[in-house]
Amino acid sequence: MSADFSQVQAKDTDENLIEQAGRPGDPCAMVIFGATGDLTKRKLIPALYNLAKDNLLSKEFALIGLARNVLTTDEFRQKLSDEVAKFAGEPVDPDLWHWFSRRMYYIPGEFDNPEIYQALDLVLKQADEEHGTRGNYFYYLATSPNFFATIVAQLGKAKLVQEENNRWRRVIIEKPFGRDYESARSLNADVRKVLEEKQIYRIDHYLGKETVQNIMVFRFSNGIFEPIWNRRYIDHVQITVAETVGVETRGGYYDSAGALRDMVPNHIFQLISLVAMDPPISFDADIVRDEQTKILKAIPPMSEEDVLTRTVRGQYGEGHEDGQTVQGYRSEASVSPTSRAETYVAMKLFVDDWRWADVPFYIRTGKRLKKRATEIVIQFRRAPFMLFRQTSVEQLNPNRLVLYLQPEEGISLSFGAKIPGPVVRIGGVQMDFRYTDYFGSKVSTGYERLLYDCMIGDATLFQRSDMVETAWSVVAPIQDVWEALAPRKFPNYASGSWGPKEADDLLERDRRHWVNPE
Ligand code: BG6
């Protein structure tokens with residue numbers, strides 16, 4: 001992002017910008033299934049610690065870890081202490097950590113063994129007595145998806161999810177929620193045998209990102225954008241979720257998932273729904289999610305012909321990343337040397353409703369691309385050229401609003417301005433807003449808000465069953481065609497590039513081009 005022109009001036013006073021500190025979450029115990037895994041150490045524990053630091057974690061809190069590894073509670077506490085030092089992102093306050101670690105327990109065992117649920121029941125009762133957690137429990141399923149239904153069934157059998165006497169019981173389910181429409185439906189059916197919908201928190205970590213949450217605030221707290229946020233003024237929308245990393249250590253999972261499943265029906269569809277939704281009548285969880293679901297339902301599923309002409313898949317080959325030669329996808333650990341898995345996806349979608357009819361939404365995501373960046377480009381229609389016919393101006397550039405979600409966090413608006421001088425010439429300039437300039441930067445894992453919301457019973461930022469199923473039904477025809485037709489020339493893009501040439505063609509056919517992150 002470059003500040004070619006000028007910065008938006010601050011109109012707000014500092015007082016206006018001071019964050020309203022929320023109330024602490026309810027007294028509760030959090031149970032993590034898969035407590036010795038990556039997610040726990042990298043995200044969940046640092047997020048809980050950050051909440052405690054901000055007084056958003058109840059003083060009446062306990063954490064119970066479950067996993068296969070045979071550890072004692074003391075060893076578990078020690079392991080998390082060692083890891084938090086690495087993943088907290090700043091020096092850990094020893095007193096706060098001491099307080100926190102005294103509330104941690106560990107139960108080793110297999111997730112399908114009923115005995116660990118009996119042990120869990122006892123430890124939860126102990127936590128209620130020792131830490132005042134009042135019978136409020138939430139279970140975080142940070143395990144392989146194969147265990148989701150089993151764990152929920154076992155929790156049900158052990159009567160650990162019954163809400164009685166003002167106690168709440170909730171379950172957070174990590175992604176991936178199913179691998180296609182059928183499996184998502186069947187998982188929904190399995191968990192609904194045990195839990196009510198209001199107890200289920202299906203996580204999409206993109207909704208934990210401040211800048212993603214800001215899409216709604218930006219659109220609905222400013223009067224000037226909403227009137228032009230439609231097909232009359234917007235030419236098209238582009239969403240880019242580009243990563244520079246390869247599959248790292250996740251080859252096993254990724255090779256059977258691929259980029260479409262991994263990123264599109266979840267993260268990218270969340271972004272589309274937030275950009276395209278109508279203003280909800282309140283921020284009530286179901287009202288916001290009704291509006292988001294309407295958008296997903298308005299994306300017409302593709303015909304076979306559409307899949308062939310409007311989607312592109314790619315797989316990275318060898319190339320360069322930060323000056324280093326990196327191997328192609330098929331040489332990565334736990335990946336088949338003849339793998340057909342795509343590591344890149346681009347497509348053109350429509351949202352067929354009154355506001356968006358005929359406005360293309362171009363989306364793309366991939367690994368080992370040139371730059372790590374998540375950006376949403378709203379490109380407005382060009383102004384009529386006729387006034388400039390007699391001048392040396394050759395064309396007018398369309399205005400663009402870009403929402404930078406990561407790693408840059410900000411918003412910029414581009415427009416044309418007269419370049420000083422006797423001849424009429426137009427320069428493209430930008431008004432830039434950067435989060436850090438106004439609000440400073442704060443260490444955050446992106447999971448704080450999601451964990452906190454679960455502790456206060458706000459499901460707005462979690463996916464409802466109908467959203468998940470609708471999203472899978474939109475990608476189903478693409479999965480079918482791609483499975484039936486082997487990709488022709490994988491690998492088809494070099495690591496460190498902007499993806500396969502076919503993705504450029506997709507837009508060029510419409511006389512448009514990708515706006516590559518700078
Ligand atoms: C995960 C995907 O859900 O999101 C990963 O499984 C991907 O493959 C990650 O790398 C991207 O998340 P973020 O927050 O780094 O954009």
Side-chain angles (χ1 to χ4, degrees), residues 34 37-44 46-47 87 89 140-146 148 172-180 184 201-215 239-272 274 313-316 321 326 329 332-335 339 341-345 363-376 403-409 435 443-451 461-463 467-468 471-472 475 495 499 517:
D38 248 28
L39 187 74
T40 305
K41 69 177 178 206
R42 284 176 192 275
K43 303 286 182 185
L44 302 181
F87 295 108
Y140 198 115
L141 311 193
T143 65
S144 144
N146 310 340
F148 293 166
I172 301 186
I173 305 184
E174 255 297 332
K175 134 177 201 292
F177 197 92
R179 50 179 285 112
D180 53 21
Y201 287 63
R202 296 175 195 78
I203 215 160
D204 183 313
H205 79 278
Y206 263 55
L207 293 177
K209 296 181 193 284
E210 283 290 343
T211 42
V212 172
Q213 292 162 29
N214 188 46
I215 298 172
I239 298 180
T240 297
V241 180
E243 298 185 87
T244 50
V245 289
V247 284
E248 300 178 293
T249 53
R250 297 164 72 228
Y253 149 76
Y254 198 86
D255 212 34
S256 69
L260 178 68
R261 279 196 182 91
D262 190 43
M263 299 296 286
V264 177
N266 30 64
H267 307 327
I268 293 192
F269 278 12
Q270 289 294 338
L271 300 180
I272 294 184
L274 292 172
R313 53 183 155 163
Q315 188 189 72
Y316 62 83
E321 206 73 68
V326 289
Y329 175 70
E332 301 274 18
S334 312
V335 168
S339 173
E342 76 285 353
T343 59
Y344 177 99
V345 187
I363 63 173
R364 61 175 170 168
T365 180
K367 297 214 181 267
R368 283 258 187 257
L369 296 180
K370 192 162 189 175
K371 193 173 175 237
R372 173 170 180 252
T374 302
E375 299 185 0
I376 301 176
L403 309 178
Y404 301 96
L405 306 184
Q406 66 182 16
E408 299 276 0
E409 299 189 328
Y435 267 77
V443 175
S444 160
T445 63
Y447 276 73
E448 288 79 358
R449 170 77 193 267
L450 298 173
L451 293 177
L461 298 179
F462 294 83
Q463 301 201 76
M467 293 168 83
V468 174
W472 280 117
V475 297
S495 290

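Note: hydrogens, waters and symmetry copies are ignored here, and every other heavy atom, side chains too, is used. Indexing begins at 1, ligand by ligand and atom by atom, following the structure's order.
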If you measure every N or O of H267 against every N or O of ligand 1, does any of those distances drop under 3.5 Å? yes

With a cut-off of 4.0 Å, which atoms of ligand 1 are near a heavy atom of K209? 13 (P), 14 (O), 16 (O)

Hydrogens and angles aside, do E174 and Y140 bring a side-chain donor and acceptor to less than 3.5 Å of each other? yes

Measuring from atom OG1 of T240 to atom CD of E375, what distance do you get when rounded to the nearest 0.5 angstrom? 6.5 Å

Could an N or O of ligand 1 be found under 3.5 Å from any N or O of Y254, whether backbone or side chain? no

Any side-chain donor-acceptor pair under 3.5 Å between Q406 and T374? yes

Relative to the heavy atoms of E243, which atoms of ligand 1 are at a distance of less than 4.0 Å? 7 (C), 10 (O), 11 (C)

For the side-chain contact (heavy atoms from CB on, under 4.5 Å) test, which of V241, L403, V212 pairs with I376? L403

Nearest-option assignment for atom 4 (O) of ligand 1, heavy atoms, candidates E248, K175, H205: H205

Any idea which atoms of ligand 1 are less than 4.0 Å away from a heavy-atom of Q406? 13 (P), 16 (O)

Atoms of ligand 1, numbered as shown, that sit under 4.0 Å from any heavy atom of R250: 2 (C), 5 (C), 6 (O), 8 (O)

Using a strict 4.0 Å threshold on nitrogen-to-oxygen distance, state whether K367 and E243 make a salt bridge. yes

Ring geometry between Y329 and Y254 (parallel below 30°, tilted from 30 to 60°, perpendicular above 60°): perpendicular

Run the contact test for D262 against ligand 1 with a 4.0 Å cut-off on heavy atoms, strictly below, and give the result. yes

Flag the pair D38 and K43 as a salt bridge only when some basic side-chain nitrogen lies within less than 4.0 angstrom of an acidic carboxylate oxygen. no

N/O to N/O below 3.5 Å, does that happen between Y253 and ligand 1? no

Element-labelled atoms of ligand 1 that are located less than 4.0 Å from some non-hydrogen atom of K367: 5 (C), 7 (C), 8 (O), 10 (O)

